[in-house]
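Below is one structure; the comments refer to it alone.
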Amino acid sequence: NAVECYNDVSIPWPRRAKKKFTVAVEGNIGCGKSTFLNYFMKSSNTEVLMEPVNSWKSVQGHNTLELMYKDSQRWSLTFQSYVQLTMLQNHVKKQRKAVKMMERSIYSAKYCFVENLYKNGMMPGVDYAVLSEWFAWMQKSCNIGVDLIVYLRATPETCMDRIRQRNRKEESLVPLEYLESLHELHEDWLIHQTKFPVPAPVLVLEADKGLSDLQLDFETRREEILCGNV
Ligand code: DGT
């Protein structure tokens with residue numbers, strides 16, 4: 001049980017403190033989160049929850065991601081309230097393996113994306129207030145904790161190149177300024193840690209490098225990333 005585990009010094013810390021771990025993988029659009037998750041998906045004790053982008057593109061037949069990019073003023077609240085729901089569903093989903101890895105979290109949806117829309121005038125104050133009330137209530141009432149954040153830190157220019165290469169239809173309208181603004185919000189939240197609470201320790205991986213170099217880092221940091229559950 002958890003207490004025995006806590007006292008067993010042969011089990012590496014922090015696995016000793018708690019048997020199951022949740023890792024949230026964060027970073028700008030196009031920074032390489034899917035590559036990271038695909039890599040760790042091969043670990044037998046790890047379950048991976050990819051971001052529900054496909055469900056955002058088809059909510060009872062409506063593509064909310066596309067609507068949000070086409071007319072943010074009109075559709076931001078619609079989109080963000082659905083993102084918040086799908087993130088909550090991932091947070092509370094029963095964990096069967098020792099490590100649960102999530103692509104993004106309810107935190108980056110709020111602290112980076114909602115904040116960005118509001119700050120840049122794409123979301124009215126009243127919509128921001130309603131989402132903030134929901135978010136505060138969920139923090140108090142739901143089990144949305146994470147144990148580690150892996151921040152894939154890439155420059156907006158690298159992200160732009162990768163977005164262009166993958167050529168997702170909805171993202172054809174994403175300008176560099178949007179990525180720059182999101183980058184600053186991730187940096188404020190996870191590196192400077194001045195703006196919003198950080199819900200877990202942050203492990204930073206520099207993600208501008210090429211895929212094979214990045215995978216070497218994944219391997220070197222494997223034990224830290226899987227919290228000792230290697
Ligand atoms: P990766 O593997 O690092 O390239 O990850 P992506 O770019 O596939 O995944 P992500 O989460 O950065 O973004 C997927 C798309 O969904 C992208 O167009 C940005 C958008 N998105 C994700 N979460 C939010 C959100 O909370 N609000 C807004 N407005 N857009 C979001």
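When a ligand or atom number is given, it counts from 1 through the structure's own listing order. Just so it is clear, the structure is predicted and the values come from calculations on it, not from any experiment.
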#### Entry: Evaluation steps, salt bridge (charged side-chain N to carboxylate O under 4.0 Å, His left out), between Arg153 and Glu206
CA-CA 5 Å; Arg153 188 178 192 218; Glu206 299 298 339; 3.2 Å; yes
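- Between Thr86 and Glu51 there is no side-chain heavy-atom pair separated by less than 4.5 Å.
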### Query
What do the steps show when you test Met50 against Asn38 for side-chain contact (heavy atoms from CB on, under 4.5 Å), and what is the final call?
CA-CA 9 Å; Met50 302 298 258; Asn38 284 327; 3.9 Å; yes
Mind listing the N or O contacts between ligand 1 and protein, cut-off under 3.5 Å?
| from | atom 1 | to | atom 2 | distance (Å) |
| --- | --- | --- | --- | --- |
| ligand 1 | 2 (O) | Lys33 | N | 3.2 |
| ligand 1 | 2 (O) | Ser34 | N | 2.8 |
| ligand 1 | 2 (O) | Ser34 | OG | 2.7 |
| ligand 1 | 3 (O) | Cys31 | N | 3.3 |
| ligand 1 | 3 (O) | Gly32 | N | 2.8 |
| ligand 1 | 3 (O) | Lys33 | N | 2.7 |
| ligand 1 | 3 (O) | Lys33 | NZ | 2.9 |
| ligand 1 | 4 (O) | Gly30 | N | 3.2 |
| ligand 1 | 4 (O) | Arg166 | NH1 | 2.6 |
| ligand 1 | 5 (O) | Lys33 | NZ | 3.2 |
| ligand 1 | 7 (O) | Gly30 | N | 3.0 |
| ligand 1 | 7 (O) | Arg166 | NH1 | 3.2 |
| ligand 1 | 7 (O) | Arg166 | NH2 | 2.7 |
| ligand 1 | 8 (O) | Arg166 | NH1 | 3.3 |
| ligand 1 | 8 (O) | Arg168 | NH1 | 3.4 |
| ligand 1 | 8 (O) | Arg168 | NH2 | 2.9 |
| ligand 1 | 9 (O) | Glu51 | OE1 | 3.2 |
| ligand 1 | 11 (O) | Glu51 | OE1 | 2.5 |
| ligand 1 | 11 (O) | Glu51 | OE2 | 2.8 |
| ligand 1 | 11 (O) | Arg104 | NE | 2.5 |
| ligand 1 | 12 (O) | Lys33 | NZ | 2.9 |
| ligand 1 | 12 (O) | Arg104 | NH2 | 2.8 |
| ligand 1 | 18 (O) | Tyr69 | OH | 2.7 |
| ligand 1 | 18 (O) | Glu171 | OE2 | 2.6 |
| ligand 1 | 26 (O) | Gln80 | NE2 | 3.1 |
| ligand 1 | 27 (N) | Gln80 | OE1 | 2.5 |
| ligand 1 | 27 (N) | Gln80 | NE2 | 3.4 |
| ligand 1 | 29 (N) | Gln80 | OE1 | 2.9 |

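- Using bins of under 30°, 30° to 60° and over 60° for the plane-to-plane angle, the ring pair Phe218/Phe36 lands in the perpendicular bin.
- Under the 30°/60° scheme for interplanar angles, the aromatic rings of Tyr118 and Tyr128 are found to lie parallel.
- The same ILVMFWY cluster, assembled from side-chain heavy atoms under 4.5 Å apart, contains both Tyr82 and Trp137.
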